[in-house]
Amino acid sequence: MDETVVRQNLTIIRNAIEADGGVGRKISFHFNHYNEKKQLVPRTNAKGEAVTYVASPYHVILYNGKYYMICNVDPYDDVSFYRIDLMSDITDKANISALDHETAVTERRKPKRQVDGLPLEWNDEAASVFQTEHMNMFYGTPRGIRLKLDRNRYTLLHDYFGDQYSFKRHLDDKWDEVEVKCVPKAMESWAMQCADYVEVLCPEELRKSISDRCRMLLERYK
């Protein structure tokens with residue numbers, strides 16, 4: 001997407017976040033993906049119509065060179081995030097007037113306290129923790145995860161989790177046990193990527209998910 005459009009999107013979103021003295025307004029938008037022709041096309045419903053998302057925006061963060069909007073999307077109660085360069089047709093006229101059922105009107109966003117997983121206080125530290133727990137911007141609820149880590153690879157752990165990990169014990173002369181907090185699906189991908197140096201110890205369902213994925217890949221690459 002053109003950088004000019006990204007800047008325009010950012011301006012609309014930030015204005016909605018700060019609207020009405022910081023109370024904030026909802027926005028609506030279309031969310032797009034690239035096709036085989038290198039074109040951005042919107043997500044569609046079963047009828048082939050572009051899906052319109054209605055969201056309460058709270059923050060904007062920069063992650064791996066991409067801007068993301070931290071938000072809540074109607075009618076759900078949990079926190080979500082969307083890549084801003086993939087958003088289009090953004091407007092704060094996110095509702096339809098009850099008077100004539102036609103006129104587009106603004107609507108106040110959902111209060112932060114009503115959104116599961118959204119920090120009430122947002123600063124550099126809170127943003128850093130949020131990004132770490134949602135590594136690679138995976139959706140989901142962060143959980144405590146125990147890892148078996150090659151003792152010589154703490155720099156690898158620090159590169160991804162910063163100071164957001166805790167040492168538990170030495171397992172032997174090569175491996176340590178550590179704990180991080182992360183969305184399980186994000187950890188699944190990271191643990192497979194770093195399989196030479198990391199093993200998930202628990203939760204057990206995450207170990208099983210990784211094991212199942214490994215078997216699937218083995219069949220695919222036979």
Side-chain angles (χ1 to χ4, degrees), residues 1-119 122 126-127 130-131 133-142 183-186 188-189:
M1 178 176 284
D2 187 279
E3 287 301 315
T4 301
V5 177
V6 174
R7 288 195 295 271
Q8 292 172 348
N9 287 352
L10 282 167
T11 298
I12 296 171
I13 292 168
R14 285 169 172 156
N15 287 343
I17 291 171
E18 298 167 3
D20 303 326
V23 173
R25 294 176 182 171
K26 292 183 179 181
I27 62 171
S28 67
F29 61 94
H30 293 143
F31 194 63
N32 307 284
H33 63 274
Y34 282 96
N35 64 12
E36 74 282 1
K37 298 178 182 177
K38 306 176 185 178
Q39 299 170 329
L40 277 176
V41 293
R43 287 183 178 174
T44 56
N45 58 23
K47 298 179 180 179
E49 302 165 333
V51 176
T52 298
Y53 294 80
V54 176
S56 295
Y58 301 102
H59 310 289
V60 170
I61 61 173
L62 182 65
Y63 188 88
N64 285 346
K66 302 292 184 183
Y67 285 101
Y68 289 80
M69 176 183 69
I70 310 300
C71 64
N72 166 259
V73 174
D74 291 351
Y76 307 103
D77 295 323
D78 57 339
V79 67
S80 286
F81 26 87
Y82 288 83
R83 260 178 58 181
I84 292 174
D85 62 304
L86 300 180
M87 297 166 63
S88 62
D89 306 313
I90 305 175
T91 175
D92 68 353
K93 300 294 192 293
N95 202 355
I96 301 298
S97 172
L99 298 178
D100 61 14
H101 303 288
E102 292 182 4
T103 305
V105 296
T106 61
E107 182 180 5
R108 287 188 171 187
R109 72 181 178 192
K110 182 182 293 186
K112 292 180 180 181
R113 64 181 179 277
Q114 296 180 11
V115 181
D116 296 336
L118 180 70
W122 190 264
F130 186 90
Q131 292 179 60
E133 293 180 350
H134 297 83
M135 182 170 54
N136 295 326
M137 303 311 289
F138 269 81
Y139 284 162
T141 302
V183 172
K185 272 297 180 182
E188 180 180 316
S189 293

Inset, instruction - Answer yes or no: is there a side-chain heavy-atom contact under 4.5 Å between D92 and N15? - result: no
Legend entry - Side chain to side chain, Q8 and I90, heavy atoms closer than 4.5 Å: no
Inset, instruction - Would you mind reporting whether N32 and R43 have side-chain heavy atoms less than 4.5 Å apart? - result: no
Legend entry - Crowding at NZ, K185 (>12 non-hydrogen neighbours, <6.0 Å): no
Legend entry - The single option from I61, I13, V5 passing side chain to side chain contact (heavy atoms under 4.5 Å, CB included) against I84: I13
Legend entry - Residue pair Y58 / V79, side-chain heavy-atom distance below 4.5 Å: no
Inset, instruction - Could you tell me how the ring of Y53 sits relative to the ring of F29: parallel (under 30°), tilted (30 to 60°) or perpendicular (over 60°)? - result: parallel
Inset, instruction - In sequence, state the C-alpha distance, the side-chain angles, and the governing distance for D20 and T106, and then conclude on side chain to side chain contact (heavy atoms under 4.5 Å, CB included). - result: CA-CA 11 Å; D20 303 326; T106 61; 5.8 Å; no
Legend entry - Pairs touching residues 62-76 that satisfy side chain to side chain donor-acceptor pair (under 3.5 Å), sequence neighbours left out: K26-D74, N72-K110
Inset, instruction - Begin from the C-alpha positions of L118 and H59 and carry the test side chain to side chain contact (heavy atoms under 4.5 Å, CB included) through to its verdict. - result: CA-CA 10 Å; L118 180 70; H59 310 289; 4.2 Å; yes
Inset, instruction - Given side chain to side chain contact (heavy atoms under 4.5 Å, CB included), test L40 with H33 step by step and report yes or no. - result: CA-CA 5 Å; L40 277 176; H33 63 274; 5.8 Å; no
Inset, instruction - Would you mind reporting whether S28 and K93 have side-chain heavy atoms less than 4.5 Å apart? - result: no
Inset, instruction - Mind running side chain to side chain contact (heavy atoms under 4.5 Å, CB included) on F31 and Y82 for me, showing each step along the way? - result: CA-CA 8 Å; F31 194 63; Y82 288 83; 3.7 Å; yes
